[in-house]
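Here's the structure we're looking at; comments come further down.
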Amino acid sequence: AQSVTQLDSHVSVSEGTPVLLRCNYSSSYSPSLFWYVQHPNKGLQLLLKYTSAATLVKGINGFEAEFKKSETSFHLTKPSAHMSDAAEYFCVVIIRDDKIIFGKGTRLHILP
Amino acid sequence: EPEVTQTPSHQVTQMGQEVILRCVPISNHLYFYWYRQILGQKVEFLVSFYNNEISEKSEIFDDQFSVERPDGSNFTLKIRSTKLEDSAMYFCASSVLRGGIEQFFGPGTRLTVL
């Protein structure tokens, strides 16, 4: 069965320190993987996507993610957190056509 | 920059009433979607729509739900007889193509069923 697991429901980091949000997937197909961010009272905004090109994907706002097939992971990272990064982050898999599966989300807290 | 818009931002209704949630997708997009997010839970796929018909739907999308593209711009989700458990944030999305292509999401409509 296809699934997406975000390993942490909450992550807290200090401003200026690295961010790591973890995502593992399970898929029988070759997946397309995405990270979306949701700020309070806002819609879902695409951060970055992997669609079988380069395994290291760079996104907006300094975020990047690495697709590791051997580990079935697609973790999201940023070298230095900013207060404006505080939001909910969703790892998303599109398995085939438009069948889309969301992870449960990780709420990122930035400490001053 | 073009964006998906949704109205209303918040809808409160009584159990058993019909509600219509409205979305205006990005104008050159051909594929349209509805998702919902019950408070504290993950975002769930409801339905996808292309060429004036449903292309895929989840088990959540039962006979109480329907979608329509009544004109060239709006895309609506109707819940015929709302239940308490329909209370959720409903997101509309659209995309140019299907198959692993980015979907653009609207800001959502928060539906509260009393």
Check your understanding: Roughly how far apart are Leu44(A) CG and Phe91(B) CZ, rounded to 0.5 Å?
Key -> 5.0 Å
Practice item. May I ask whether Phe75(B) and Ile60(B) are part of the same hydrophobic cluster, defined by side-chain heavy atoms of I, L, V, M, F, W, Y residues being less than 4.5 angstrom apart, directly or through others? Key: yes
Practice item. Evaluate the side-chain proximity of Gln37(B) to Phe90(A): yes if any heavy-atom separation is below 4.5 Å, no if none is. Key: yes
Check your understanding: What about Val93(A) and Phe63(A), same hydrophobic cluster or not, with Ile/Leu/Val/Met/Phe/Trp/Tyr joined at side-chain heavy-atom distances under 4.5 Å?
Key -> yes
Exercise for review: Please flag which part of Gln38(A) lies under 4.5 Å from any non-hydrogen atom of chain B: side chain, backbone, both or neither.
Suggested key: side chain
Exercise for review: Using the side-chain contact (heavy atoms from CB on, under 4.5 Å) rule, take Gln103(B) and Tyr36(A) through it: C-alpha gap first, then chi angles, then the decisive distance, then the call.
Suggested key: CA-CA 10 Å; Gln103(B) 295 179 17; Tyr36(A) 281 86; 4.1 Å; yes
**Study point:** Lys42(B), NZ atom: more than 12 neighbouring heavy atoms under 6.0 Å
**Key:** yes
Practice item. To the nearest 0.5 angstrom, please state how far the CZ atom of Phe34(A) sits from the CD atom of Glu102(B). Key: 7.0 Å
Review point. For Glu3(B), is it the side chain, the backbone, both, or neither that has a heavy atom closer than 4.5 Å to a heavy atom of chain A?
Key: neither
Review point. Does Ile54(B) belong to the same Ile/Leu/Val/Met/Phe/Trp/Tyr cluster as Phe65(B), with side-chain heavy atoms less than 4.5 Å apart forming each link?
Key: yes
**Study point:** Hphob cluster co-occupancy, Val13(A) + Met83(A), side-chain heavy atoms under 4.5 angstrom
**Key:** yes
Study note, to complete from the structure: Rounded to the nearest 0.5 Å, the CD atom of Gln45(A) sits from the CZ atom of Phe105(B) at a distance of 12.0 Å
Review point. Is it true that Val92(A) and Phe104(B) fall in one hydrophobic cluster, defined by side-chain heavy atoms closer than 4.5 Å?
Key: no
Review point. Should Ile100(A) and Tyr35(B) count as side-chain neighbours, where that means a heavy-atom distance under 4.5 Å?
Key: yes
